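These notes are about the structure you will find just below.
Since this is a predicted model, take the numbers as computed values, not measurements.
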Amino acid sequence: MKVSYQWLSQYVDVSGNTASELGEKLTRGGIEVDIVENRNKGVEKVVVGFVKSREKHPDADKLSVCIVDAGLGEDLQIVCGAKNVAAGQKVPVALVGAKAPDGLVIKRAKLRGVESQGMICSAKELGLNDKSAAEGDSGGHSRSAGGYQGW
């Protein structure tokens with residue numbers, strides 16, 4: 001069974017213990033922990049965003065322009081290539097300055113004349129496999145539209 005350190009901290013006080021230390025203490029206490037996985041593969045400045053709207057890009061058939069609430073006080077306009085992103089979804093959003101596991105740094109960009117203020121990410125782009133991704137993951141995102149708080 002996989003148990004999240006964050007989830008476990010909702011039920012017991014884990015303060016002062018890293019995930020590895022907690023795994024060792026659980027094993028010594030009779031609950032064998034086989035492995036402690038670090039799911040953050042070097043991701044920085046990625047937050048959960050809410051897609052408020054999705055419109056077709058005016059100059060590109062395979063791109064969309066999304067308005068996303070990323071909790072920053074003002075909405076972000078993000079150009080996205082994922083076919084499965086829709087209004088009403090929660091998605092991982094790499095903010096400007098975010099760093100992906102492969103070293104890509106997200107910058108403000110103009111894509112076919114439309115400004116993009118971040119990137120809607122797939123699980124793969126965050127270094128996650130499909131089995132460990134949260135339900136509703138955007139998946140399949142095109143990198144053409146272009147960390148770790150709350151995700």
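In this structure a side-chain-to-backbone donor-acceptor pair under 3.5 Å is missing from His57 to Cys80. No donor-acceptor pair closer than 3.5 Å links the side chain of Glu115 to the backbone N or O of Ile78. Distance alone, capped at 3.5 Å, places no donor-acceptor pair between the Arg54 side chain and the Ala86 backbone.
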Checklist entry - Lys25 and Asn17: side-chain contact (heavy atoms from CB on, under 4.5 Å), yes or no, with the steps? => result CA-CA 9 Å; Lys25 287 180 180 182; Asn17 294 290; 2.7 Å; yes

Item to check | side-chain contact (heavy atoms from CB on, under 4.5 Å) assessment of Asp61 paired with Lys56 | outcome: CA-CA 7 Å; Asp61 291 337; Lys56 184 181 174 317; 3.4 Å; yes

Checklist entry - Between Lys110 and Val114, is a side-chain contact (heavy atoms from CB on, under 4.5 Å) present by the stated rule, with each step listed? => result CA-CA 5 Å; Lys110 275 198 175 183; Val114 176; over 6 Å; no

Item to check | Trace of the side-chain contact (heavy atoms from CB on, under 4.5 Å) decision for Ile120 with Val68 | outcome: CA-CA 9 Å; Ile120 295 173; Val68 179; 4.2 Å; yes

Item to check | Trace of the salt bridge (charged side-chain N to carboxylate O under 4.0 Å, His left out) decision for Arg28 with Glu24 | outcome: CA-CA 6 Å; Arg28 280 190 271 132; Glu24 178 62 31; 3.4 Å; yes

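When the shell of 6.0 Å around CD of Gln10 is examined, it contains more than 12 heavy atoms from other residues, nucleotides or ligands.
Here the side chains of Leu22 and Leu26 are in contact, with some heavy-atom distance below 4.5 Å. Between Leu95 and Val47 there is a side-chain heavy-atom pair separated by less than 4.5 Å. Looking at heavy atoms from C-beta onward, Leu63 lies out of side-chain contact with Val65 at the 4.5 angstrom threshold. At least one side-chain heavy atom of Pro92 sits under 4.5 Å from a side-chain heavy atom of Leu126. Looking at Val79 and Ser64, their side chains never come closer than 4.5 Å, going by heavy atoms from C-beta outward. You'll find the side chain of Asp69 stays beyond 4.5 Å of the side chain of Leu76, heavy atoms only. Between Val48 and Val91, the closest side-chain pair of non-hydrogen atoms is not below 4.5 Å.
There is no path of hydrophobic side-chain contacts, each under 4.5 Å, that joins Leu72 to Ile67. Val3 is connected to Val14 through a chain of hydrophobic side-chain contacts under 4.5 Å among Ile, Leu, Val, Met, Phe, Trp and Tyr, so both are in one cluster.
Side-chain contact check for Ser9 and Gln6: no donor-acceptor pair (N or O, by modelled atom type) lies under 3.5 Å.
If you take CG on Asp75 and NZ on Lys52, they are separated by 3.5 Å, rounding to the nearest 0.5 Å. Taking OG of Ser20 as the reference point, atom OH of Tyr5 lies at 10.0 Å (rounded to 0.5 Å). To the nearest 0.5 angstrom, Gln117 atom CD is 13.5 Å from Ile106 atom CD1. Here the CE atom belonging to Met119 is positioned 13.5 Å from the NZ atom belonging to Lys107, to the nearest 0.5 angstrom.
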